[in-house]
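What you see is a predicted model; the values in this text were computed from it and never measured.
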Amino acid sequence: MIHPLIARTAAHLEALFSGAEGSHDWQHVRRVWQTSRVLAQTQPAADPVLTELAALLHDIADWKYHGGDDEAGPRAARVWLTELALDPAQIARVEQIIREVTFKGLGVSTPVSSVEAALVQDADRLDAIGAIGIARAFAYGGSRGRALHTPEQPPADHPSFAAYQAATGSTIHHFHEKLLHLAERLHTPAARQIARHRHQVMEAFLAQFEREWTGVDVAETVAGAA
């Protein structure tokens, strides 16, 4: 049975994200919620209600869609949870989880302060890799007018959150600047196990992308037929 606060929050987020851009829509929120819920079963110390609330609310006001304001999410979550009459201490914990979920650049450490934050961060990062991660990367890049690939420009390490927020690199750059590094930064054993195959899916995709971008597959096929 779903806790009443969870059910109300899920309905609220589904309505709020109706018509949202495909890489950060209700289906993304739902996947992170469900993955967090399953991962929490492997961590007996985790508070399942706080984990699920934070997972549902982790993108309620993502900085990417709110002028770069990285406190927009915690504020919006606080307003909603206050309306639900959640205990202030628990609200503060959810706010902190939301702050810790965000990837802030390859050169920026993103530690977690609780098992619940580890679970939600893992779930969100799992949704950024693998087949769905590939689809989300190109959906987001397309929504922002990003180039597919600019091989003449090297990927950036983004040593600060500000540098990461200001980045306008191609979608293929995004794999090298973030997505290919997520598997190694996961916390829970279950998430790391899931990530192994999803990481391989991305590597295979990028290898094939490069073959097609450079025309190697065409040249090899024509040469083989000669």
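- Once rounded to the nearest 0.5 Å, the distance linking CH2 of W33 with CG of L13 reads 9.5 Å.
- A donor atom on one side chain and an acceptor atom on the other are found under 3.5 Å apart for Q27 and R30.
- F175 and L106 fall into different hydrophobic clusters, where Ile, Leu, Val, Met, Phe, Trp and Tyr are joined by side-chain heavy atoms under 4.5 Å apart, directly or via other members.
- Grouped by direct or indirect side-chain proximity (heavy atoms under 4.5 Å, Ile/Leu/Val/Met/Phe/Trp/Tyr only), V112 sits alone.
- Partners of W26 according to the ring-ring contact (aromatic ring centres under 6.0 Å, His included) rule, which considers only residues two or more places apart in sequence or in another chain, do not exist here.
- Remark: the backbone N or O of A89 is paired with a side-chain donor or acceptor of D87 at under 3.5 angstrom.
- For E177, there are no salt bridge (Lys or Arg N to Asp or Glu O under 4.0 Å) partners at least two apart in sequence or on another chain.
- The CG atom of L39 sits 5.5 Å away from the CD1 atom of I194 when rounded to the nearest 0.5 Å.
- The distance from the CZ atom of R93 to the CG atom of L81 is 12.5 Å, given to the nearest 0.5 Å.
- When the salt bridge (Lys or Arg N to Asp or Glu O under 4.0 Å) test is applied to R8, no partner is found at least two apart in sequence or on another chain.
- Two residues are said to be in side-chain contact when any heavy atoms from C-beta on lie closer than 4.5 Å; S113 and Q96 meet this criterion.
- Judged by distance alone, the side chain of E95 and the main-chain N or O of R78 form no donor-acceptor pair under 3.5 Å.
- In this structure, the side chains of D127 and T35 stay at 4.5 Å or more apart for every pair of heavy atoms.
- When hydrophobic clusters are built by joining Ile, Leu, Val, Met, Phe, Trp and Tyr residues whose side-chain heavy atoms come closer than 4.5 Å, directly or via intermediates, V49 is not grouped with V38.
- Note on V218 and V216: separate hydrophobic clusters, where clusters join Ile, Leu, Val, Met, Phe, Trp and Tyr whose side-chain heavy atoms are under 4.5 Å apart, directly or indirectly.
- Judged by distance alone, the side chain of E52 and the main-chain N or O of I6 form no donor-acceptor pair under 3.5 Å.
- Under a hydrophobic clustering in which Ile, Leu, Val, Met, Phe, Trp and Tyr are joined whenever their side-chain heavy atoms come within less than 4.5 Å, directly or via other members, F161 and I98 fall into different clusters.
- Using modelled atom types, one side-chain atom of H181 and one backbone atom of H176 make a donor-acceptor pair closer than 3.5 Å.
- Residues passing the salt bridge (Lys or Arg N to Asp or Glu O under 4.0 Å) test with E21: none are found, sequence neighbours excluded.
- If you check the side chains of R125 and T110, you find a donor sitting under 3.5 Å from an acceptor.
- Rounding to the nearest 0.5 Å places CG of L50 at 10.5 Å from CD1 of I91.
- Other residues sharing a hydrophobic cluster with Y140 under the 4.5 Å side-chain heavy-atom criterion for ILVMFWY residues are Y65.
- Under the ring-ring contact (aromatic ring centres under 6.0 Å, His included) criterion, the residue pairs touching residues 67-97 are H12-W80, with sequence neighbours excluded.
- Both L206 and L182 sit in one connected hydrophobic cluster of ILVMFWY residues. Membership requires side-chain heavy atoms under 4.5 Å apart, directly or through other members.
- Qualifying ring-ring contact (aromatic ring centres under 6.0 Å, His included) partners for H28, counting only residues two or more places apart in sequence or in other chains: H24, H58.
- Hydrophobic clustering, defined by side-chain heavy atoms of Ile, Leu, Val, Met, Phe, Trp and Tyr closer than 4.5 Å, groups V101 together with I97, V120.
- H158 has its side chain out of reach of K178: every pair of non-hydrogen atoms, C-beta onward, lies at least 4.5 Å apart.
- Listed by first and then second residue, the ring-ring contact (aromatic ring centres under 6.0 Å, His included) pairs that reach into residues 109-128 come to none, sequence neighbours excluded.
- The cationic group of K104 does not satisfy the cation-pi geometry with Y164, failing either the under 6.0 Å distance to the six-membered ring centre or the 45° limit from the ring axis.
- In this structure, D70 and R99 have side chains that are not in contact, with every pair of non-hydrogen atoms separated by 4.5 Å or more.
- You'll find the side chain of F17 reaches within 4.5 Å of the side chain of D59, heavy atoms only.
- Here the closest heavy-atom approach between residue R146 and residue A167 is recorded as NH2-O, 3.2 Å.
- Partners of D217 by side-chain contact (heavy atoms from CB on, under 4.5 Å), not counting sequence neighbours, listed by chain and number: Q208, R211, E212.
- Side-chain contact check for K64 versus T102: every heavy-atom pair is 4.5 Å or farther apart.
- D122 places a side-chain N or O within 3.5 Å of a backbone atom of T188 that can act as its donor or acceptor partner.
- Counting only N and O atoms by type, the side chains of Q121 and H187 include a donor and acceptor under 3.5 Å apart.
- Applying the side-chain contact (heavy atoms from CB on, under 4.5 Å) criterion to A72, with sequence neighbours excluded, gives A61, H66, D69, R75.
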